[in-house]
Number of protein chains: 2
Amino acid sequence: MVLMRARTQRGERRTDALSKERIVEAAIEILDTEGESALTFRALAARLATGAGAIYWHVANKDELLAAATDQVVAGVLTEVVSGAEPRDAIRSMALGVFDAIDAHPWVGAQLSREPWQPAIVRILEGIGGRLEALGVPQKAQFNCVSALVNYILGLAGQYAAGARLLPRDTDRTAFLGTVATRWTQLDPAEYPFVHRMAAQLADHDDREQFLAGIDLILVGIRSVR
Amino acid sequence: MVLMRARTQRGERRTDALSKERIVEAAIEILDTEGESALTFRALAARLATGAGAIYWHVANKDELLAAATDQVVAGVLTEVVSGAEPRDAIRSMALGVFDAIDAHPWVGAQLSREPWQPAIVRILEGIGGRLEALGVPQKAQFNCVSALVNYILGLAGQYAAGARLLPRDTDRTAFLGTVATRWTQLDPAEYPFVHRMAAQLADHDDREQFLAGIDLILVGIRSVR
DNA sequence: ACCTGAACACCGTTCAAGT
DNA sequence: ACCTGAACACCGTTCAAGT
């Protein structure tokens, strides 16, 4: 008994022991395979073959669990970016990384616009903001610039995530945009002429390209600040 | 009896009769005074002196109720903009209108990033997008431009709304930013140098001005598309 | 120290029954 | 046609009791 305790304290934890990492991992699996609404403490406890209350020993509450899951996904995406890359390229690839992460895990999009100080948000701010110096943006203007870029990403993230939450689970981003376009077409053309015109473009465009075009637009604006 | 029916049919509805408008109005009151979490069908029914189920005769579900409440607030803000205004000024004042609406009603910020096709979103797209033509932006580029502007607004809306949801109800936007700045200062400066530098600026800046600076940054980018 | 699972205090939504 | 309110099927979270 004494020996076992010594062993586990040295970190060779039993495979079946609960830990925050194992809980977050199981949460991500549920979120990815069954969607946001399927993540309940009961479902999570069942998957981990434990009681619902046990989870609270490792995680304060559901918010912390979601923030931890989101941070894990986002951290993975941002560290992929080559550190030596040209700053403008680095920003583009980080933005695209977050975009793709939200495509693969829509719940990430929802969570990002839920807690301003969560680790994932801070990571994104640091990753993108940290390249502005090298881009020649003066210190005083850097906050405005990172705010424009990151809030654009978060705004889009929220919209896609909402679509994924509301539409059937197998709907992809293109089908989602098709749904939006259809709804726009049903509006009164006299009252919504602009939205009607956009509906035509929305149906058959590459939204990843579209997303990058927005980033580039903001980067042009940032260039002028220099 | 026959006479009364005739009267009510002509639209002179009894003051105490339930209607979608009355329900939405009561919902907005609860949301504004007691916060997002206080809006339950039970609380709403109590305020309207009726049963919870009665609400479902006029409103499909809670999503529709929130979308209707949000649309009412946003519609009020956007129609305030003078129709003859210079397009760039019109865009700025619409953006600011939405920003102020979210300040006054944080739940609007949360709801805007929850349903991509809700009336309020379509209104904002039309209001802002409709001015791009006059700004000389070619048709093909208009979608990218409106997307950059509106997603920036929505992203920021989501962050502020999240802050308002998580902090005590009497916290204003400035105090909220102070909280964020404090959390940023607690991070490891070696790992988050950029965020640390921004924390100093965040504490004492005018966030309304900051918001407009972001809009202007994007407008500069849009100018280059012409 | 860590886990169990029943219990608490809620939710949104439905629906038989009323008027 | 419209309203009532009990009932259903859930939630997140707590906590006494176990090991």
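First the proteins, then the strands, lettered A, B, ... as listed; each starts at 1.
- Across every strand in view, dA7(C) sits in a pair with dT13(D) that passes the Watson-Crick or G-U test at under 3.5 angstrom.
- Between Phe211(A) and Phe99(A), the two ring planes are parallel [angle under 30°; tilted spans 30° to 60°].
- For the pair Glu64(A) CD and dG12(D) P, the interatomic distance rounds to 15 Å; values are reported in whole Å.
- For the side-chain contact (heavy atoms from CB on, under 4.5 Å) test with Thr70(B), the passing option among Gln111(B), His105(B), Glu115(B) is Gln111(B); the others fail.
- In this entry the distance linking CH2 of Trp57(B) with P of dT14(C) reads 14 Å, nearest Å.
- Separating the CD1 atom of Ile23(A) from the P atom of dC3(C) is a distance of 8 Å, rounded to the nearest angstrom.
- Ion pair Asp103(A)/Arg208(A) not flagged as a salt bridge, since none of the NZ, NE, NH1 or NH2 atoms sits closer than 4.0 Å to an Asp/Glu carboxylate oxygen.
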Protein within reach of the bases, or only the backbone? For nucleotides 5-11 of chain C, mark each nucleotide 5' to 3' as B, S or -, using heavy atoms under 4.0 Å. B-B---B
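- A donor atom on one side chain and an acceptor atom on the other are found under 3.5 Å apart for Gln210(B) and Asn144(A).
- Between Glu36(B) and Arg114(B) there is a salt bridge, since a side-chain N of the basic residue sits under 4.0 Å from a carboxylate O of the acidic one.
- The partner of dT19(C) is dA1(D), judged by Watson-Crick or G-U wobble contacts that both fall below 3.5 Å.
- In this structure, the CG atom of Asn61(A) is 8 Å from the P atom of dT14(D), given to the nearest Å.
- Rounded to whole Å, atom C1' of dA1(C) lies 20 Å from atom OH of Tyr56(A).
- A salt bridge is defined here as a Lys NZ or Arg NE, NH1 or NH2 lying under 4.0 Å from an Asp or Glu carboxylate O, and Glu25(B) with Arg47(B) fails to meet this definition.
- One interatomic measurement links the two molecules: CG of Leu18(B) to P of dA1(D), which rounds to 16 Å at whole-angstrom precision.
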